[in-house]
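All remarks here apply to the structure that follows.
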Number of protein chains: 2
Amino acid sequence: MFKVDNMHRPRSILLLPQHEHDPCSSCAARGYSVCSAIDDKDLGRLAATAIVRDIAKGETFIEEGDSASDFFNVTRGTVKLYKLLPDGRQQVTGFAGAGHFLGLAVSNTYAFSAEAIEPTRVCRFSRPKLRELLHDFPALEERLLQTACNELVAAQEQMLLLGRKTARERVASFLVNRLETAMPCAGPTDSVALPMTRSEIADYLGLTIETVSRTFSRFKAEKRITTPSNAEVVILDRPWLSGVAAGLQ
Amino acid sequence: MFKVDNMHRPRSILLLPQHEHDPCSSCAARGYSVCSAIDDKDLGRLAATAIVRDIAKGETFIEEGDSASDFFNVTRGTVKLYKLLPDGRQQVTGFAGAGHFLGLAVSNTYAFSAEAIEPTRVCRFSRPKLRELLHDFPALEERLLQTACNELVAAQEQMLLLGRKTARERVASFLVNRLETAMPCAGPTDSVALPMTRSEIADYLGLTIETVSRTFSRFKAEKRITTPSNAEVVILDRPWLSGVAAGLQ
DNA sequence: CGCCCTCTTGACACTCGTCAATATCGGTGG
DNA sequence: CCACCGATATTGACGAGTGTCAAGAGGGCG
């Protein structure tokens, strides 16, 4: 019923002319973000509603507890979503790449913070304007519900990881997951880009930076992965890593 | 107690003495479940679509990985939602009481299992029928989106708990949370009902049964709670517990 | 080239898990 | 009503996995 294929990118978007006055039709995320629920003919309306904004690496553009006045659609770069405890402990609840929709909330305040971890571009929608859009395009609302359901499933998987998996299993899950979701067009070389730091990985997996580092080192020593650079991991033994991620071995 | 399996019987022989032709208008969950998005005048339509089913304590009525053919609305009792690892490790992702909606999924298979932890009643909707309902009642779809967003917020809070809180903070969070969400009409006596076992609490908090028990005992020794029975906790010092839950003290 | 930030590695400590014994609860039947 | 029994919960001793603290290595960029 809600079958969605987020990986599908129409090839035609690459051929679209660059219209300065209509950023949506040429948007890199056009094909697979929630915007794909809107027809080309209505795209002008969408472009008029959205405000494009570039966000520098390290900038926090959503602060937990702040009044939730806007919604965002990431079109370039990567964003880390996180929650903080008063003493500074941090839990990263997810990384949002191009196509991800942020700020869906019933409440009037944001339930999490969002920080760009690399140069990022977002489309901003004010709450009233998104409400109008949802009213005028039921397909958009349906698409948002699909998105929310998918995120709910991912969140439950992450609860399993945080509550019951060992450090080894968590890191393996993270790498395999990155390969599956963030790298849609993975070729024969199972290479995973890691735009985030070890510290951010640790805060995502409920571990410390040292444990993440040690686990990477062990996987390297066991010839399961190599790390050409700190921001890149090559998976040498994907079936084995998948097994560890699932709790076997 | 009589156990009824309605799965393979025509609806007409359902044992509903008082409101056989319209179970919805008298439903205990009518006011606060997703059904509240539907007007009284359309309730007959809803009743005709839903199939009421009673589920015995301990019965698993959704199995992770099974074909997701139905959606459920809990109207009585409590359900535990959980995921398993191959070796038996279990993570409870939530407890669903009256009013909760289960099975929202984009995929064709369930992403979690569901087991009744006390005598439970649910309304069952087949996938195609729910789809019809969503089409005919846009307010219902909007309501489902709100519900999904709320669950997403709760899931992120749980990730913070599982990834970064200590055992003490987890148990305190659990008790305070139960008081806030499951006991809407809490009076001067801050009494929390615990329909689940210690083991299920442990699997929800990412701990062991022993750690949960020890933490309860410590709270008791510190005069923060009392336990009239294993299924009931009285909170004596709510501000202090809230502080611990938030990561202070 | 050199500074600074991030990452890696090691030694040690501590929370929480494991294993085991005992106590308590709740239901059943005499 | 009480005795019995299995299931569930509590408590203790101990150990393992992961966190903490600290030092050193590597990498990027002016």
Side-chain angles (χ1 to χ4, degrees), chain A residues 56-58 80 85 87-91 117-119 161-175 194-222 225-233 244 247, chain B residues 1 56-58 80 85 87-92 117-119 161-175 193-222 225-233 244 247 249:
Chain A
K57 174 176 175 173
K80 104 175 155 187
L85 288 172
D87 62 2
R89 279 174 286 174
Q90 179 173 133
Q91 179 63 40
I117 61 172
E118 54 184 356
L161 180 149
L162 293 170
R164 288 296 177 227
K165 289 188 183 178
T166 66
R168 214 169 151 72
E169 290 163 352
R170 294 183 200 200
V171 174
S173 299
F174 174 71
L175 291 174
L194 299 181
M196 66 291 288
T197 66
R198 295 287 183 276
S199 177
E200 287 160 342
I201 296 173
D203 286 339
Y204 180 55
L205 300 178
L207 300 171
T208 60
I209 180 176
E210 291 93 335
T211 300
V212 171
S213 184
R214 273 187 259 266
T215 308
F216 273 168
S217 296
R218 245 186 100 186
F219 284 162
K220 275 193 282 190
E222 295 168 355
I225 65 172
T226 59
T227 56
S229 77
N230 276 336
E232 192 185 357
V233 170
V244 173
Chain B
M1 176 182 59
K57 174 175 175 173
K80 101 174 158 188
L85 287 172
D87 62 1
R89 280 175 285 175
Q90 178 174 133
Q91 179 64 40
V92 173
I117 60 172
E118 54 183 356
L161 180 149
L162 292 170
R164 287 298 177 226
K165 288 188 183 178
T166 65
R168 213 170 150 70
E169 290 163 352
R170 293 183 200 200
V171 174
S173 298
F174 174 70
L175 292 175
L194 299 181
M196 65 291 287
T197 66
R198 296 285 183 276
S199 177
E200 287 160 342
I201 296 173
D203 286 340
Y204 180 55
L205 299 177
L207 299 170
T208 59
I209 179 176
E210 292 93 335
T211 300
V212 171
S213 184
R214 273 187 259 267
T215 308
F216 274 167
S217 296
R218 244 186 100 187
F219 284 163
K220 275 193 281 190
E222 296 168 353
I225 65 172
T226 58
T227 56
S229 79
N230 278 335
E232 189 185 358
V233 170
V244 173
Q249 321 199 20

Verdict with reasoning, Leu207(A) to Val171(A), per side chain to side chain contact (heavy atoms under 4.5 Å, CB included): CA-CA 9 Å; Leu207(A) 300 171; Val171(A) 174; 4.3 Å; yes

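Residues from residues 194-202 of chain B that place a heavy atom under 4.0 Å from any atom of DNA chain C: there are none. For the segment residues 163-173 of chain A, residues with any heavy atom less than 4.0 angstrom from an atom of DNA chain D are, sorted by number, Thr166(A), Ala167(A).
Proximity of Leu205(B) to Thr211(B): side-chain heavy atoms (C-beta onward) are nowhere separated by under 4.5 Å. Contact check for Leu162(A) versus Arg170(A): side-chain heavy atoms found under the 4.5 Å cut-off. Within the 4.5 Å cutoff, the side chain of Phe216(B) has heavy atoms near those of the Leu175(B) side chain. Looking only at side-chain heavy atoms (C-beta outward), Leu194(A) and Phe174(A) come within less than 4.5 Å of each other. By the 4.5 Å heavy-atom criterion applied to side chains, Gln91(A) and Leu161(B) are not counted as neighbours.
If you take NZ of Lys57(A) and C1' of dG28(D), they are 10 Å apart, rounded to a whole angstrom. Atoms CD1 (Ile117(B)) and P (dT8(D)) sit 13 Å apart, rounded to a whole Å. Spacing between atom CG of Leu205(A) and atom C1' of dG19(D) amounts to 15 Å, rounded to whole angstrom units. When rounded to the nearest whole Å, the span between CZ of Arg214(A) and P of dA22(D) equals 15 Å. Separating the CG atom of Asp87(A) from the P atom of dT20(D) is a distance of 10 Å, rounded to the nearest angstrom. If you take CD1 of Ile209(B) and P of dT10(D), they are 8 Å apart, rounded to a whole angstrom.
Checked by atom type and distance alone, the side chain of Glu169(A) pairs as donor or acceptor with a backbone atom of Thr166(A) at under 3.5 Å. Between the Thr227(A) side chain and the Asn230(A) main chain, no donor and acceptor come within less than 3.5 Å of each other. With hydrogens and angles ignored, the 3.5 Å screen pairs a side-chain donor or acceptor of Arg89(B) with a backbone N or O of Arg164(A). Using a distance-only test at 3.5 Å, with no hydrogens or angles considered, no donor-acceptor pair links the side chain of Arg218(B) to the main chain of Ser213(B).
For the pair Glu210(A) and Arg214(A), the salt-bridge criterion is not met [side-chain N within less than 4.0 Å of a carboxylate O].
First and last contacting nucleotides of DNA chain C toward chain A (any atom under 4.0 angstrom from a heavy atom, 5' to 3' order): dC7(C) to dA11(C).
Of the residues near DNA chain D, Glu210(B) and Asn230(A), the one whose nearest nucleotide (by heavy atom distance) lies more toward the 5' end is Glu210(B).
In this structure, Ser217(B) reaches the sugar-phosphate backbone alone: every heavy-atom distance under 4.0 Å involves primed, P, OP1 or OP2 atoms, never a base.
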